[in-house]
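The shown structure was predicted, so the numbers you read here are calculated from the model rather than taken from an experiment.
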Amino acid sequence: MEPSNDVALDIIITNVVAVFRTRCHLNLRTIALEGVNVIYKPEYGKVLMKLRKPRITASIWSSGKIICTGATSEDEAKQGARRLARTLQKLGFKVRFSEFKVVNVLAVCSMPFAIRLIDFTKNNRPIASYEPELHPAATYRIKTLKATVQVFSTGSLTITGPNVQAVATAVEHIYPMLLECQKPLRK
């Protein structure tokens with residue numbers, strides 16, 4: 001972006017998905033019977049456990065793999081994962097917190113203008129795709145960042161990426177292209 005038309009955009013992180021391992025086998029029945037805020041899903045071979053602070057939901061498998069969803073930052077996801085490991089330790093399992101990794105970040109951002117999606121797709125043809133019969137947004141994939149941006153005609157963006165930095169970089173990357181395709185203001 002050029003310094004002359006520098007605009008501050010609010011990127012709101014709505015969901016962070018993280019994975020970690022406990023390095024021990026977990027008895028799901030014990031967790032279901034003795035744990036708090038637990039839903040046992042035997043047909044899927046997992047237990048869902050919810051924490052109130054930070055507000056996350058964890059899918060726990062007997063192998064010791066745990067997926068945490070619902071956090072609004074990477075730090076909150078790590079804090080929630082550590083609290084979950086501590087809860088499992090209190091239930092009597094020899095849990096060791098290891099291999100923590102943020103795997104997906106979902107964020108939303110709103111542009112201060114509306115966008116002509118057909119022009120945007122024509123200008124960025126191999127990377128951008130727009131099928132109005134299937135979905136109201138144009139999809140723009142950035143392979144180098146492993147990020148995907150859904151662009152709506154209202155100027156709203158939904159961004160998914162492997163981490164918060166990739167999401168912020170994706171918005172910076174796509175902003176000049178969106179600026180070219182902005183709808184003129186009605187008088």
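Within 6.0 Å of CD1 on Ile118 lie no more than 12 heavy atoms contributed by other residues, nucleotides or ligands. Atom CD of Gln89 sits in a crowded spot, with more than 12 heavy atoms from other residues, nucleotides or ligands closer than 6.0 Å.
Although no hydrogens or angles enter the test, the distance criterion places no donor-acceptor pair under 3.5 Å between the side chain of Arg96 and the main chain of Thr22. In this structure, the side chain of Glu76 does not engage the main chain of Pro54 through any donor-acceptor pair within 3.5 Å. Side-chain N or O atoms of Gln150 include none that pairs as donor or acceptor with a backbone N or O of Ile159 at under 3.5 Å. For Ser156 (side chain) and Phe152 (main-chain N/O), no donor-acceptor pair under 3.5 Å exists by modelled atom type. Remark: the backbone N or O of Gly70 is paired with a side-chain donor or acceptor of Asn15 at under 3.5 angstrom. With hydrogens and angles ignored, the 3.5 Å screen pairs a side-chain donor or acceptor of Asn163 with a backbone N or O of Ala166. Under a 3.5 Å cut-off, the side chain of Thr158 and the backbone N or O of Val108 do not form any donor-acceptor pair.
The closest side-chain heavy-atom distance from Ile66 to Arg21 is not below 4.5 Å. Thr160 is not listed as a side-chain neighbour of Val105, based on a closest heavy-atom distance of 4.5 Å or more. Put simply, the side chain of Asn123 reaches to within 4.5 Å of the side chain of Cys181, judged on heavy atoms. Residues Lys50 and Ile56 fail the side-chain proximity criterion, which asks for heavy atoms closer than 4.5 Å.
Residue Ser153 holds its OG atom at 12.5 Å from CZ of Phe120, rounded to the nearest 0.5 Å. A distance of 15.0 Å separates CE in Met177 from CD in Gln182, rounded to the nearest 0.5 Å. Note that CG of Leu88 is 7.0 Å distant from CZ of Phe93, once rounded to the nearest 0.5 Å. Between atom NZ of residue Lys78 and atom OG of residue Ser73 there is a gap of 12.5 Å, rounded to the nearest 0.5 Å. Expressed to the nearest 0.5 Å, how far CE of Met111 lies from CG of Leu9 amounts to 4.5 Å. Atom CD1 of Ile12 is separated from atom SG of Cys109 by 8.0 Å, given to the nearest 0.5 angstrom.
Hydrophobic clustering of Ile, Leu, Val, Met, Phe, Trp and Tyr side chains at less than 4.5 Å, counting indirect connections, unites Leu91 with Ile60. Linking Ile, Leu, Val, Met, Phe, Trp and Tyr whenever their side-chain heavy atoms come within less than 4.5 Å puts Ile13 and Ile174 in one cluster. Under the 4.5 Å side-chain heavy-atom criterion for ILVMFWY residues, a single connected hydrophobic cluster contains both Leu157 and Ile11. Hydrophobic clustering, with ILVMFWY side chains joined whenever heavy atoms are under 4.5 angstrom apart, groups Ile127 together with Val151.
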Evaluate Lys122 against Tyr130 for side-chain contact (heavy atoms from CB on, under 4.5 Å), listing each step before the verdict. CA-CA 9 Å; Lys122 282 180 184 172; Tyr130 177 50; over 6 Å; no

Under the criterion side-chain hydrogen bond (donor to acceptor under 3.5 Å, both in side chains), I'd like the reasoning laid out for Thr30 against Glu34: C-alpha separation, chi angles, the key distance, then a yes or no. CA-CA 6 Å; Thr30 305; Glu34 296 175 17; 5.4 Å; no

Take Arg82 and Gln79 through the side-chain hydrogen bond (donor to acceptor under 3.5 Å, both in side chains) test and state the conclusion after the steps. CA-CA 5 Å; Arg82 292 189 75 83; Gln79 180 191 5; over 6 Å; no

Begin with the C-alpha distance, continue with both residues' side-chain angles, and end with the deciding distance and a verdict on side-chain contact (heavy atoms from CB on, under 4.5 Å) for Leu178 and Phe113. CA-CA 9 Å; Leu178 295 174; Phe113 49 82; 4.2 Å; yes

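In terms of heavy-atom proximity, Glu180 sits nearest to Arg116 at O-NH2, 4.0 Å. Here the closest heavy-atom approach between residue Val149 and residue Ile142 is recorded as CG2-CD1, 4.5 Å. The minimum heavy-atom distance between Ile115 and Gly155, with the atom names listed, is CD1-CA, 3.7 Å. Listed here is the closest heavy atom pair of Tyr40 and Lys46: CD1-O, 3.8 Å. For the pair Leu117 and Ala138, the tightest heavy-atom approach, listed with the atom from each and the gap, is CD2-CB, 4.0 Å. Leu28 approaches Ser62 most closely through the heavy-atom pair CD2-N, 3.8 Å.
When hydrophobic residues (I, L, V, M, F, W, Y) are linked wherever their side-chain heavy atoms come within less than 4.5 Å, the members clustered with Val17 are Val19, Trp61, Ile67, Val103.
Scanning for ring-ring contact (aromatic ring centres under 6.0 Å, His included) contacts around Phe97 gives Phe20, Phe100, with sequence neighbours left out.
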